[in-house]
Amino acid sequence: MSANSRSLQKAMQKEMQDFTAMSEDEIQQRIVAAKAALGDRLIILGHHYQREETFIHADVSGDSLKLSRSAANSKAEYIVFCGVHFMAEVADIVSRPEQISILPDLAAGCSMADMANLANVERAWRELSEVREPDEQITPVTYINSAADLKAFCGAHGGIVCTSTNARHVLDWSFSQREKVLFFPDQHLGRNTAFAMGIPLEEMVVWDYDLPMGGLTPEQIKNAKMILWKGYCSVHQLFTPEYIDQFKEQHPETKVIAHPECSFEVCQKSDYVGSTEYIINTIRDSEPGTRWLVGTELNLVNRLHEQFKHENKSVHFMSGTVCMCSTMFRIGPSSLLWILENLLEGNVVNQITVAPDEKEHALQALNRMLEVSP
Ligand code: 13P
Ligand code: SF4
């Protein structure tokens, strides 16, 4: 596109501020109308943590794995991702080249994903290769909550991506390839999954990316099967085992369910551990009258509370304080409408594109994941 046509397009673009003064009702009605006008050219994917006013417009809702599959299978020209940045990147990687992936607010990142970057992962890789035994190899595994260049790193180094749904299958595959795993950025998903597979905590170490050699001795690295990156989710780290104990003192019959991004202690005290989709399905399939304490993001827990109260199931949040994913929250109805009305006028705003060389290797790692996923 020439500089002239770019500035013409810019001039024709609807500006975000035009939408912020509108009433909620008008925004909602105009989203419905824009979706109808775009028809099959559009698919809106919505993560379970989206706030209700946005979530209701999703054509498909799901966890990271389900939404990645929906993006890969969609024929729509525009994939609008109501989620966070890494999700829209995955949509761009797995979709066809002519499809366009859009994130309604570019500031919707993931603070956990930001805890690992290519420079510090490459440094860790170099330092680990200096101390590991000559006949020992390491599989790099990145949680899908990571930037595209880290997925590409895994693709190029015989590694793989995982989500909270398939982490166990991915680790089984990883250990069938090589003796050790370097798992980033979420230490909790790595630890909880490996422990459930029978790997003892003594065979896991935490790699502190701010310190030379991860703050570990060569001996510690030699004895470890799992090298866990020192990353975490700021939302899920707020849940505590003490809260579970206090709640169960008052309601001993409670079933506890947690996302695997929660700490080891919280997961150990939980009756069930799994992805957002797993949490929804488990509560849906439970007996009427069941009381649930749920350790995951507040918007999802509030939705579950509303959805199942008519079946006499009571769903409680695992914290006395409000903890939401503030970046998921950024995708409001006004930014969604801004995107859709621009598309109707032929303007693509907030497109997410991954560079072709990164895309090739990131796709390799994502395809390995999809092949081993249940
Ligand atoms: P799920 O894939 O389980 O939906 O998790 C995504 C996420 O970011 C949880 O914090
Ligand atoms: Fe990232 Fe945590 Fe938000 Fe999930 S809940 S998107 S891991 S910051």
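Counting convention: from 1, in listed order, for ligands and their atoms alike.
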Applying a 4.0 Å heavy-atom criterion (strictly less than), which segment of Glu277 is in contact with ligand 1: side chain, backbone, both, or neither?
neither
Just by distance, no angles: are the side chains of Arg303 and Gln307 close enough, under 3.5 Å, to form a donor-acceptor pair?
no
Return yes if a side-chain donor-acceptor contact under 3.5 Å exists between His361 and Gln364, otherwise no.
yes
Within the 6.0 Å centroid threshold, strictly below: Tyr243 and Phe317:
no
Does the side chain of Tyr78 pick up a donor-acceptor pair with the side chain of Gln99 at under 3.5 Å?
no
Please say yes or no: joined through hydrophobic side-chain contacts below 4.5 Å, possibly via intermediate residues, are Trp229 and Leu211 part of one cluster?
no
Location of contacts on Asn145 toward ligand 2, heavy atoms closer than 4.0 Å:
side chain
Do any heavy atoms of His48 fall under 4.0 Å from ligand 1?
no
Protein residue, atom and distance nearest to atom 1 (Fe) of ligand 2, heavy-atom basis:
Cys110 SG, 2.4 Å
Does the side chain of Glu297 pick up a donor-acceptor pair with the side chain of Asn299 at under 3.5 Å?
yes
Close approach of Glu297 to ligand 2, heavy atoms, under 4.0 angstrom:
no
Heavy atom of the protein closest to atom 8 (S) of ligand 2 (residue, atom name, distance)
Ser111 OG, 3.7 Å
Just need the protein heavy atom nearest to atom 3 (Fe) of ligand 2, so name the residue and atom and give the distance.
Cys325 SG, 2.4 Å
